[in-house]
Amino acid sequence: EVAAHACIIFYRFLNQLTDASTTSATNVKLREAALACLFLANKAQKMHKWKRLEVVLAAAYKSFYAGSPFDEKSEEAKNWEKRVISAEAEILATLQYDVFWPGVDWILASVVESGKIAEPPANNAMELTLSGPVLAAGEAVWLKHGPEYAFVAIAGLLS
């Protein structure tokens, strides 16, 4: 759910930047914006204790620079941390601090309680809905239609 939430924050931020009526100049690089969105979503989730920024950066570094060691005490790491925190502040200001998301548990609960789909296939559909390829489908799915649309599409596909 954190990844889906981060994608929604990211898509909303990019949507605000490309909206002709609210175009604002930004110096935020996409990589820092994506990490800031991940960090925001991580902090906004109430199900798990959120991870420190250093942990998020270490995981990102492994992904971006596979095989290279990450030293959180290095000057490079400290500069990256500052850029991500700066991006976080800009994203929060751009979205007027509206970064909370109700999650997707309610979708699973309503589907299973209705008896239309058994719990195991519903869980499989939700797992696929929150997978990388579906999250990468873009703002049309996540902002226009919402996670319930993606879930129904995947559940239909699986059945």
Side-chain angles (χ1 to χ4, degrees), residues 1-109 123-151 153-154:
E1 284 190 37
V2 173
H5 188 180
C7 284
I8 289 171
I9 295 170
F10 188 63
Y11 290 140
R12 288 183 59 228
F13 175 66
L14 293 179
N15 198 37
Q16 289 294 316
L17 293 180
T18 57
D19 184 357
S21 64
T22 61
T23 300
S24 64
T26 183
N27 293 326
V28 174
K29 293 182 179 173
L30 289 178
R31 184 175 281 188
E32 276 86 29
L35 288 172
C37 291
L38 181 61
F39 189 53
L40 281 166
N42 171 46
K43 291 191 294 185
Q45 296 292 315
K46 303 296 182 199
M47 298 298 286
H48 307 285
K49 184 178 184 326
W50 57 277
K51 310 254 185 292
R52 298 178 359 256
L53 180 56
E54 295 84 7
V55 174
V56 173
L57 292 179
Y61 200 87
K62 258 189 216 176
S63 177
F64 297 148
Y65 308 107
S68 297
F70 178 71
D71 178 12
E72 69 180 55
K73 294 183 185 345
S74 71
E75 193 63 33
E76 176 190 19
K78 296 298 178 193
N79 287 333
W80 201 18
E81 188 175 304
K82 288 176 188 171
R83 290 192 311 269
V84 170
I85 290 172
S86 176
E88 177 187 38
E90 184 168 335
I91 291 165
L92 286 170
T94 301
L95 298 179
Q96 299 176 353
Y97 293 84
D98 181 17
V99 294
F100 295 98
W101 185 50
V104 294
D105 292 340
W106 66 272
I107 298 171
L108 274 177
N123 285 330
N124 289 342
M126 185 55 72
E127 205 171 288
L128 188 55
T129 300
L130 299 178
S131 69
V134 178
L135 291 177
E139 64 183 79
V141 170
W142 293 100
L143 297 183
K144 185 175 179 184
H145 301 295
E148 57 270 34
Y149 171 83
F151 174 79
I154 296 296

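For reference, positions follow the sequence shown, starting with 1.
Annotation for Ile91 and Ala36: closest pair CD1-CB, 3.8 Å, computed over non-hydrogen atoms. Heavy-atom minimum distance, Arg52 versus Glu72: NH2-OE2, 3.9 Å. When all heavy atoms of Phe10 and Ala33 are compared, the pair lying nearest together is CE1-CB, 3.8 Å. The shortest heavy-atom contact between Leu35 and Ala60 is CD2-CB, 3.3 Å. Of all heavy-atom pairs spanning Phe39 and Leu53, the tightest one is CE1-N, 3.4 Å. A pairwise comparison of heavy atoms in Ile9 and Val99 identifies CD1-O, 3.8 Å as the closest pair.
The line from CG of Leu92 to CG of Leu40 is 5.0 Å long, rounded to the nearest 0.5 Å. Distance CG/Leu38 to CG/Leu57: 9.5 Å, rounded to 0.5 Å. One finds the CG atom of Leu14 at 10.5 Å from the SG atom of Cys7 (value rounded to the nearest 0.5 Å). In this structure, OG1 on Thr94 lies 12.0 Å from CG on Asn15, to the nearest 0.5 angstrom.
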Between Phe64 and Arg31, does a side-chain contact (heavy atoms from CB on, under 4.5 Å) hold up when you go through it step by step? CA-CA 10 Å; Phe64 297 148; Arg31 184 175 281 188; 3.4 Å; yes

What's the verdict on side-chain contact (heavy atoms from CB on, under 4.5 Å) for Trp80 and Glu76, showing C-alpha distance, side-chain angles and the deciding distance? CA-CA 6 Å; Trp80 201 18; Glu76 176 190 19; 5.6 Å; no

Step by step, work out the side-chain contact (heavy atoms from CB on, under 4.5 Å) result for Glu81 and Glu54. CA-CA 8 Å; Glu81 188 175 304; Glu54 295 84 7; 3.6 Å; yes

Candidate pair Val28 and Ser86, rule side-chain contact (heavy atoms from CB on, under 4.5 Å), full reasoning: CA-CA 8 Å; Val28 174; Ser86 176; 5.7 Å; no

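In terms of modelled atom types and a separation under 3.5 Å, the side chain of Arg12 and the main chain of Asp98 share a donor-acceptor contact.
Remark: Lys78 NZ is packed, more than 12 non-hydrogen atoms of other residues, nucleotides or ligands lying under 6.0 Å away.
In this structure, Glu88 pairs ionically with Lys43, as a charged nitrogen and a carboxylate oxygen lie closer than 4.0 Å.
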